[in-house]
Amino acid sequence: MRLETKVLIVGGGPAGATAGRVLAASGVDCIILEKNPQGAKPCGGGIPFGAFEVFQLPLSVIKRRVNVIRVSPPKSSPFEIRFENGYIGMVERREFDSVLRDMARAEGAAVMKGAFVKIRECGKTAVLSEAEIEGQTMEVRSEYLLAADGVNSRVRSSLGMKHINSLYTLGVKLPLDGNPFRGNCCEFYFDASARGGYSWIFPGASNVSAGTGSTNPKKLKAGLQRLLLQKGFPPDFQTNSLRGYRIPLWEQQSLVRGNVLFAGDSASHVMPFTFEGIYYAMRAAQFAAEALIQGNPGLYRKLWRQRFRARFLLMKTLWTAFLRNERGMETLLSAFRDERVQQRGIRLWLDKTEGRGSFVSFVNALRKYVLF
Ligand SMILES: Cc1cc2nc3c(=O)[nH]c(=O)nc-3n(C[C@H](O)[C@H](O)[C@H](O)COP(=O)(O)OP(=O)(O)OC[C@H]3O[C@@H](n4cnc5c(N)ncnc54)[C@H](O)[C@@H]3O)c2cc1C
């Protein structure tokens with residue numbers, strides 16, 4: 001059995017669904033192949049309000065609006081940052097991803113349940129892929145393939161590309177009611193058990209996502225236990241909702257390989273330090289789709305670099321210098337006690353329509369505390 005399309009999109013998460021939506025809106029024939037449409041990716045589901053504006057997303061998917069963050073440094077006292085404008089919209093990933101795929105479908109993209117297996121041939125004008133669709137092995141012939149299949153990308157392994165370096169995470173869902181959580185507050189905890197990352201508490205619709213991210217997977221259990229103890233759970237607290245997953249650590253990657261393009265987690269498009277990935281996956285996919293609409297895959301690299309390279313490099317520098325030990329964490333977080341740094345940092349994070357000016361003003365505010 002054989003299928004033909006101009007662009008085969010592997011993965012129907014934020015990146016894949018967005019690419020399908022943009023391509024189909026311009027009349028480009030595309031198939032989104034999603035292996036697990038009922039699945040819910042382990043994810044905090046926090047999306048800055050600016051992303052809803054940029055992508056004109058329905059606000060009905062927002063389960064909670066967060067307008068305070070609480071930061072706990074390793075040694076010094078915790079502090080809170082209140083947002084003057086804007087909020088983080090908390091979504092449930094199963095519903096959010098499905099709404100994104102519906103939006104792509106409404107523009108005319110074909111959305112199929114099926115798993116990409118491998119690339120059989122990657123020529124100058126076509127890519128031949130093998131997929132399992134409704135129990136049948138199919139050959140899919142496409143002019144381009146867009147890999148949006150996440151951090152464990154099968155497209156990458158099929159092309160023999162290197163594994164994506166990651167932060168390891170271990171998370172759990174906890175009941176919101178009867179526990180000491182606030183529905184409008186995301187909490188971030190920094191200490192040695194979350195080296196290179198942080199522990200978090202994010203409110204959802206009916207529960208709370210709590211977890212730890214670290215470059216050292218052996219520290220995860222201890223980090224999560226410590227977080228739960230801090231929140232008043234007993235040391236022998238048992239749960240059956242524990243889930244581990246990986247978050248890409250951004251590195252400069254090749255985004256285009258012949259007729260194959262990579263966007264989102266499959267290209268490590270997660271902002272270092274904050275580990276925000278949903279918006280950046282969607283933006284990268286949008287750029288990739290725009291490049292394909294122009295018939296110029298190389299344009300994708302240019303669009304991404306122009307818009308995001310400087311920010312990713314800065315955040316990677318901060319991550320490398322400050323998030324790897326408790327002294328560094330204390331130094332950097334102390335800068336965020338300054339209201340100017342707080343508000344400029346928050347604006348940069350939340351308001352996605354802000355241009356280069358907000359990036360420069362954040363860097364200038366931070367310079368007082370950090371040499372880079
Ligand atoms: C614990 C945790 C918490 C996080 N919290 C946040 C947060 O609060 N905010 C935020 O912005 N980011 C967060 N992230 C990061 C965010 O989840 C990702 O960056 C984002 O989901 C990337 O989107 P994507 O479309 O590239 O990949 P994914 O969301 O991983 O989607 C990939 C899709 O491809 C499908 N797929 C995979 N293989 C195949 C195949 N062979 N064939 C067909 N389909 C396939 C999968 O089923 C999946 O639907 C978090 C990540 C983790 C692990």
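In this text, all values refer to a predicted model and were calculated from it rather than measured experimentally. Because only heavy atoms are used, hydrogens play no part in the values below, and waters and symmetry mates are left out as well, while side chains stay in.
Salt-bridge check for E139 with R120: passed, with a basic side-chain N closer than 4.0 Å to an acidic carboxylate O. Of the charged side-chain nitrogens involved, none lies within less than 4.0 Å of a carboxylate oxygen, so that E107 and R21 do not count as a salt-bridged pair. The residues D351 and R347 are annotated as not salt-bridged, no charged nitrogen and carboxylate oxygen being separated by less than 4.0 angstrom. Note on E132 versus K113: no salt bridge recorded, every NZ/NE/NH1/NH2 to OD/OE distance being 4.0 Å or above. Classification of K231 and E187 as a salt-bridged pair holds, one side-chain N sitting under 4.0 Å from a carboxylate O. Contact check on R226 versus D191 returns a salt bridge, with a Lys/Arg side-chain nitrogen under 4.0 Å from an Asp/Glu carboxylate oxygen. Under 4.0 Å is where a charged nitrogen must lie from a carboxylate oxygen, and between E326 and K75 at least one such pair does. Using a cutoff of 4.0 Å between basic side-chain nitrogens and carboxylate oxygens, R93 and E95 are not scored as salt-bridged. Salt-bridge formation is not detected for the pair E92/K41: no Lys NZ or Arg NE/NH1/NH2 atom is positioned less than 4.0 Å from an Asp or Glu carboxylate oxygen.
Looking at heavy atoms from C-beta onward, L145 lies in side-chain contact with S129 at the 4.5 angstrom threshold. For the pair T137 and M1, the minimum side-chain heavy-atom distance is 4.5 Å or more. Looking at F287 and L255, their side chains never come closer than 4.5 Å, going by heavy atoms from C-beta outward. Using a 4.5 Å heavy-atom threshold, the side chains of N184 and R64 count as separate. Residues L314 and V363 have side chains in contact (heavy-atom distance under 4.5 Å, counting atoms from C-beta outward). Side chains of S254 and R301 form no contact here, defined as non-hydrogen atoms less than 4.5 Å apart. Taking 4.5 Å as the limit, some side-chain heavy atom of Y144 sits within range of a side-chain heavy atom of P297. Under the 4.5 Å side-chain criterion, counting only non-hydrogen atoms from C-beta, V260 is in contact with I119.
Taking CG from L333 and OG from S76, the interatomic distance works out to 7.5 Å, rounded to the nearest 0.5 Å. The CG atom of L249 sits 10.0 Å away from atom CD1 of I164, with the distance rounded to the nearest 0.5 Å. In this structure, C30 SG and I9 CD1 are separated by 4.5 Å, a value rounded to the nearest 0.5 Å. With rounding to the nearest 0.5 Å, the separation of CG in L228 from CG in L174 is 6.0 Å. The CD atom of Q294 sits 15.5 Å away from atom OH of Y300, with the distance rounded to the nearest 0.5 Å. Remark: L23 CG to T5 OG1 distance equals 9.0 Å, nearest 0.5 Å.
Residues M271 and F55 share a single hydrophobic cluster, defined by chaining ILVMFWY side chains whose heavy atoms lie under 4.5 Å apart. Linking Ile, Leu, Val, Met, Phe, Trp and Tyr whenever their side-chain heavy atoms come within less than 4.5 Å leaves V155 and L146 in two separate clusters. By the criterion of side-chain heavy atoms lying less than 4.5 angstrom apart, applied directly or through intervening Ile, Leu, Val, Met, Phe, Trp or Tyr residues, V71 is grouped together with L366 in one hydrophobic cluster. Hydrophobic cluster membership differs between V151 and I247, with clusters built from Ile, Leu, Val, Met, Phe, Trp and Tyr side chains linked at under 4.5 angstrom. Taken together through direct or relayed side-chain contacts under 4.5 Å among Ile, Leu, Val, Met, Phe, Trp and Tyr, M103 and M112 form parts of separate hydrophobic clusters.
Between the side chains of T169 and R243, not a single donor N or O lies within less than 3.5 Å of an accepting N or O. A side-chain N or O of R246 and one of N152 form a donor-acceptor pair less than 3.5 Å apart. For the residue pair W349/T274, the side-chain donor-acceptor check at 3.5 Å is not satisfied. At a cut-off of 3.5 Å, with distance as the only test, no side-chain donor of S266 or S153 sits close to an acceptor on the other residue. With no hydrogens or angles considered, a side-chain donor-acceptor pair links N165 and E251 at under 3.5 Å.
No donor-acceptor pair closer than 3.5 Å links the side chain of R65 to the backbone N or O of F49. Here the side chain of S214 pairs no donor or acceptor atom with the backbone of K219 at under 3.5 angstrom. Although no hydrogens or angles enter the test, the distance criterion places a donor-acceptor pair under 3.5 Å between the side chain of S157 and the main chain of R154. Under a 3.5 Å cut-off, the side chain of N207 and the backbone N or O of P175 do not form any donor-acceptor pair. The backbone N or O of L224 sits less than 3.5 Å from a side-chain atom of T212, completing a donor-acceptor pair. In this structure a side-chain-to-backbone donor-acceptor pair under 3.5 Å is present from E34 to G12. Although no hydrogens or angles enter the test, the distance criterion places no donor-acceptor pair under 3.5 Å between the side chain of D265 and the main chain of S268.
Summarising the local packing, NZ of K218 is surrounded by 12 or fewer heavy atoms from other residues, nucleotides or ligands at distances under 6.0 Å.
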#### Entry: salt bridge (Lys or Arg N to Asp or Glu O under 4.0 Å) between E80 and R182, intermediate numbers included
CA-CA 13 Å; E80 291 196 352; R182 288 147 68 189; 2.7 Å; yes
### L100 vs L57, side chain to side chain contact (heavy atoms under 4.5 Å, CB included): CA-CA, chis, key distance, verdict
CA-CA 8 Å; L100 294 183; L57 303 175; 3.7 Å; yes
### Task
Report the C-alpha distance between Y245 and Y168 in whole Å, list the side-chain angles of each, state the deciding distance to 0.1 Å, and finish with yes or no for ring-ring contact (aromatic ring centres under 6.0 Å, His included).
CA-CA 6 Å; Y245 212 80; Y168 298 88; over 10 Å; no
### Message
For a side chain to side chain contact (heavy atoms under 4.5 Å, CB included) check, start with the C-alpha distance between C43 and I278, then their side-chain angles and the critical distance, and finish with the verdict.
### Response
CA-CA 9 Å; C43 179; I278 298 170; 3.9 Å; yes
### Message
Does I31 form a side chain to side chain contact (heavy atoms under 4.5 Å, CB included) with L3? I'd like the steps, not just the answer.
### Response
CA-CA 10 Å; I31 295 175; L3 281 172; 4.2 Å; yes
### Task
Before giving the answer on side chain to side chain contact (heavy atoms under 4.5 Å, CB included), spell out for Q343 and D338 the whole-Å C-alpha distance, their side-chain angles and the decisive distance to 0.1 Å.
CA-CA 9 Å; Q343 292 311 332; D338 176 335; over 6 Å; no
### Task
Carefully, step by step, assess Q253 and R156 under the rule side chain to side chain donor-acceptor pair (under 3.5 Å).
CA-CA 11 Å; Q253 305 275 347; R156 283 183 76 93; 3.2 Å; yes
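In terms of the salt bridge (Lys or Arg N to Asp or Glu O under 4.0 Å) criterion, residue partners of R105 (sequence neighbours excluded) are, by chain and number, D102.
In this pair, F190 and F188 present their aromatic rings parallel. The plane angle is below 30°, not in the 30 to 60° band. Between F308 and Y279, the ring planes lie perpendicular to each other; the angle is over 60°, past the 30° to 60° tilted range.
Checking F79, F336, Y189 one by one against P73, the side chain to side chain contact (heavy atoms under 4.5 Å, CB included) holds for a single residue, F79. Partner H269 forms a ring pair (Phe, Tyr, Trp, His ring centres under 6.0 Å) with one of Y280, W250, W304 and no other, that one being W304.
Pairing each heavy atom of A15 with each of A263, the nearest pair is CB-O, 4.0 Å. Contact between K352 and P48 at its shortest, heavy atoms only, is CE-CG, 3.8 Å.
A cation-pi contact, defined as under 6.0 Å to the ring centre and within 45° of the axis, is absent between R344 and F362. Taking the ring axis of F273 as reference, the NZ or CZ atom of K316 does not stay both within 45° of it and closer than 6.0 Å to the ring centre.
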